[in-house]
Asks: 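Structure incoming, see below.
Computation of the quantities below employed the complete heavy-atom set of this structure, encompassing side-chain atoms and omitting hydrogens, waters and symmetry-equivalent molecules. Below, read A as the first sequence line, B as the second, and so on, with proteins coming before strands; counting in each chain starts at 1.
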There are 2 protein chains.
Amino acid sequence: MTVARDEVERRVESLSQALRNAGLRLTHQRLEVVREIAQSDEHPNAESVYHRVRARVPTISLDTVYRTLTTLADLGLVTRVAATLGPTRYDANVSHHHHFVCARCGLIRDVVDEQLDAVAVPHSASAFGIVESVEVQLRGVCKDCGKKEREHE
Amino acid sequence: MTVARDEVERRVESLSQALRNAGLRLTHQRLEVVREIAQSDEHPNAESVYHRVRARVPTISLDTVYRTLTTLADLGLVTRVAATLGPTRYDANVSHHHHFVCARCGLIRDVVDEQLDAVAVPHSASAFGIVESVEVQLRGVCKDCGKKEREHE
DNA sequence: GTTACTGCAAACTTTTTGCACGACA
DNA sequence: TGTCGTGCAAAAAGTTTGCAGTAAC
């Protein structure tokens with residue numbers, strides 16, 4: 001659910017530094033959006049970032065959250081995760097990793113695995129263009145949804 | 001760009017059969033939507049399916065296309081491809097395969113490769129739930145976009 | 001003091017839904 | 001003939017944008 005406190009601080013600091021390097025202003029709103037993403041490992045969408053940040057910055061608007069997320073994504077500081085259902089989700093973990101996606105509820109979790117990192121790009125893919133990154137999506141049913149299905153049937 | 005004609009007919013027939021088996025009616029609109037998806041390998045979105053089908057069925061509406069695609073997806077006859085940018089795309093190829101995705105223009109192409117099919121599910125992923133399928137996304141820059149970038153810089 | 005950023009409002013895009021008519025089985 | 005599916009219209013969901021005031025540097 002939550003990222004370790006020192007890891008959060010490390011991420012916030014590194015994101016702040018990157019905003020400064022890009023010549024962007026460190027506004028209250030940006031810092032709180034950045035903090036929110038840094039401390040989450042559940043790949044929130046814009047709406048949930050908005051709701052959580054609003055608890056601390058009541059005047060923040062949803063469009064500021066969208067603009068901040070777009071800025072961060074353009075700088076490569078967060079990545080967008082393409083979810084098959086529902087809105088775009090954001091990931092503060094920019095190191096190489098993969099995802100488990102629940103086909104029922106949309107839950108997304110990071111999967112870190114060296115074997116997956118080692119997957120080789122096939123020739124047939126190189127024919128389409130230059131491959132820059134490889135991401136493995138493991139789709140299935142999460143524990144919670146599995147339990148619910150067993151109870152209801 | 002296009003799928004071989006006999007493969008199209010095979011896909012259309014198999015999709016029609018599946019609709020019948022599910023107790024659904026074989027309407028003119030459904031058949032043409034099914035045919036359109038079957039003959040495309042560029043993973044069209046609802047809007048482009050709509051435009052192409054309208055050339056043959058001028059009275060079809062966009063919401064019928066959406067409803068048909070939802071029906072087909074629920075039956076597992078087409079799959080939704082999560083594109084990071086823009087609307088949901090659809091894939092008539094339901095056999096095990098992977099995708100090349102252009103980060104610039106959103107082009108999506110099927111990648112068929114046995115090595116990728118053989119990727120093992122790591123223990124860390126099984127901890128989140130039951131993994132039903134593994135899809136590898138190869139992200140990069142397609143040939144067209146690569147060429148454009150070289151010309152403009 | 002500048003200029004970039006924010007909040008507000010409105011627009012835009014993508015997708016879903018209620019309803020009455022028409023078409024498939 | 002009965003019911004499912006369609007087209008129309010409107011609404012809902014998700015996201016972007018123009019503008020004037022505000023805050024960061």
Asks: Given a cutoff of under 4.5 Å between side-chain heavy atoms of I, L, V, M, F, W and Y, with clusters grown through shared members, what are the other residues clustered with B:V119?
Replies: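 Direct or chained contacts put B:V119 with A:F100, A:L107, A:V111, A:L116, A:V119, A:V121, A:F128, A:V131, A:V134, A:V136, A:L138, B:F100, B:L107, B:V111, B:L116, B:V121, B:F128, B:V131, B:V134, B:V136, B:L138.
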Asks: How about A:T71 and A:D74: does a side-chain donor come under 3.5 Å of a side-chain acceptor?
Replies: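 No pair is found: no donor N or O on one side chain lies under 3.5 Å from an acceptor on the other.
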Asks: Between atom CG in A:L72 and atom P in D:dT15, what is the gap in whole Å?
Replies: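 Rounded to the whole Å, the gap is 15 Å.
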Asks: Measure from OH on A:Y50 to C1' on D:dA13 and round the result to the nearest Å.
Replies: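 So the two atoms are 15 Å apart, to the nearest Å.
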Asks: With a 4.0 Å cut-off, would you call A:R11 and A:E7 a salt bridge?
Replies: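 The answer is yes: the pair qualifies as a salt bridge.
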Asks: Taking transitive links into account, so neighbours of neighbours count too, which hydrophobic residues share a cluster with A:V101 at under 4.5 Å side-chain distance?
Replies: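 In the cluster with A:V101 are A:V81, A:I108.
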Asks: Could you check if a side-chain atom of A:L15 sits within less than 4.5 angstrom of a side-chain atom of A:I37, using non-hydrogen atoms only?
Replies: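 The answer is no, as the side chains (C-beta and beyond) never meet within the 4.5 Å cut-off.
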Asks: If only atom types and distance count, is the side chain of A:R89 paired as donor or acceptor with the main-chain N or O of A:E42 below 3.5 Å?
Replies: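 Yes, the answer is positive, given that a donor and an acceptor are paired below the 3.5 Å cut-off.
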Asks: Distance check needed: D:dG7 P versus B:I60 CD1, whole Å only.
Replies: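 Result: 6 Å.
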Asks: Taking only residues two or more places apart in sequence, or in another chain, which ones meet B:L62 in a side chain to side chain contact (heavy atoms under 4.5 Å, CB included)?
Replies: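 B:L62 satisfies side chain to side chain contact (heavy atoms under 4.5 Å, CB included) with B:E47, B:Y50, B:Y66 once adjacent residues are dropped.
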Asks: Please identify each residue that fulfils side chain to side chain contact (heavy atoms under 4.5 Å, CB included) with B:H97, with sequence neighbours left out.
Replies: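 B:H97: side chain to side chain contact (heavy atoms under 4.5 Å, CB included) contacts with B:D91, B:N93, B:H99, B:D110, B:V112.
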Asks: Can you give one letter per nucleotide of nucleotides 16-25 of chain D, 5' to 3': B if a protein heavy atom sits under 4.0 Å from the base, S if only from the sugar-phosphate, - if neither?
Replies: BBB----BBS
Asks: Of all nucleotides in DNA chain C that come within under 4.0 Å of a heavy atom of chain A, which is furthest toward the 5' end and which toward the 3' end?
Replies: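 Using the under 4.0 Å cut-off, the span is C:dT3 to C:dA9.
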